Amino acid sequence: MVVFAGQGDARRSMALLWRAEGAGGARTRRWPGPKPALSVAAIVDAGVAVADADGMAALSMRAVGERLGRTAMALYTYVPGKSELVDLMYDQVLAELPTGYDLTPGWRAAVTSWAEDTWEFYLRHPWVLQVSQARPVLGPNEYRALETLLRLLYATELSSAVLRRVVGALFHFIRGAAQTVAESRLAAASTGVSDEEWWQARSGMLTEMVPDFAERFPLLVRLETEGAAPDPGDSVPYMEREARSTFDIGLAVILDGIETAIRQGR
């Protein structure tokens, strides 16, 4: 399931994201008397709770209203619709990402810490991975997250033209590795079949049906034989273990590449 940001009314969405004057209508302003029963913040919090618990597919204005003990119609005064709500939810959870990384040990240590925090963030909110990067939300916390990474990368003294692509490479890499974990968990929960059970059933059939597999695909066999991640002997599912190894080694390779670019640039 892919969700595209920015599908609602552009002006209303941007006003809500940036909390511009009058963005939420009269009910969000500070008038004398009792506080309104609902608010944009409460609706967004409820939306995040629904998505965290049941996934993006379960998100609807009705589900959010039920979580708040209200009807879906009661929410529309504050948030025009589901499209705007997704934008607000996405930007709000990005505020969880830390910003104060210490550059004293060097840019590499700081970027490694940033990558670890970003990995953990995606696994806390796997529905975020379903919000396409083709059309960004353009909210304050999205820009704040980018500003944080750029502060660390500009310490490399690489040019802006290079860093523009490095930022993309890092985000794509971390999202991709985290998405493998998120989809693996979703597959097990949706089908009732674990990764281990799925692979055991099909790998056995593959050997039976393609007895010359090793001759046809010798490099694949070599890769699996020599390059497989060791089994730590714990309960971590196979695909999660593979994804974590990919994250660790892949990140190191990317950072090595940045260091090479620094040396060449100087």
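On a predicted model such as this, the values are computed, not experimentally measured, just so you know. Sequence positions, counted from 1, serve as the residue numbers for this chain.
Annotation: side-chain hydrogen bond (donor to acceptor under 3.5 Å, both in side chains) contacts involving residues 159-176, sequence neighbours excluded, comprise Y154-S160.
Hydrophobic cluster of L186: no remaining members, since no ILVMFWY side chain lies below 4.5 Å from it.
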### Query
Are D256 and R108 close enough, and set up right, to give a salt bridge (Lys or Arg N to Asp or Glu O under 4.0 Å), and what steps lead you there?
CA-CA 9 Å; D256 287 346; R108 181 164 183 147; 2.8 Å; yes

### Task
Evaluate side chain to side chain donor-acceptor pair (under 3.5 Å) for Q92 paired with D45, printing each intermediate quantity in order.
CA-CA 9 Å; Q92 175 165 299; D45 285 343; 2.6 Å; yes

### Message
Test salt bridge (Lys or Arg N to Asp or Glu O under 4.0 Å) on R62 and E66; report intermediate values, then the result.
### Response
CA-CA 6 Å; R62 179 179 179 180; E66 288 176 352; 3.3 Å; yes

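A continuous path of Ile, Leu, Val, Met, Phe, Trp and Tyr side chains, each step under 4.5 Å between heavy atoms, connects M1 with L129, placing both in one hydrophobic cluster.
Taking every heavy atom of both residues into account, Y78 and L16 meet most closely at O-CD2, 3.9 Å. The two residues F173 and T246 have their closest heavy-atom pair at CZ-O, 3.4 Å.
Applying the side chain to side chain contact (heavy atoms under 4.5 Å, CB included) rule to A145 yields the partners L97; only residues at least two apart in sequence or on another chain are considered.
With respect to the salt-bridge test (charged N to carboxylate O, under 4.0 angstrom), the residues E240 and R244 do not qualify. With respect to the salt-bridge test (charged N to carboxylate O, under 4.0 angstrom), the residues D195 and R185 do not qualify.
A donor-acceptor contact shorter than 3.5 Å links the side chain of E84 to the backbone of D9. D52 places no side-chain N or O within donor-acceptor distance of the main-chain N or O of H125, the cut-off being under 3.5 Å.
In summary, the aromatic rings of F171 and W119 are positioned with their centroids too far apart to meet the 6.0 Å limit.
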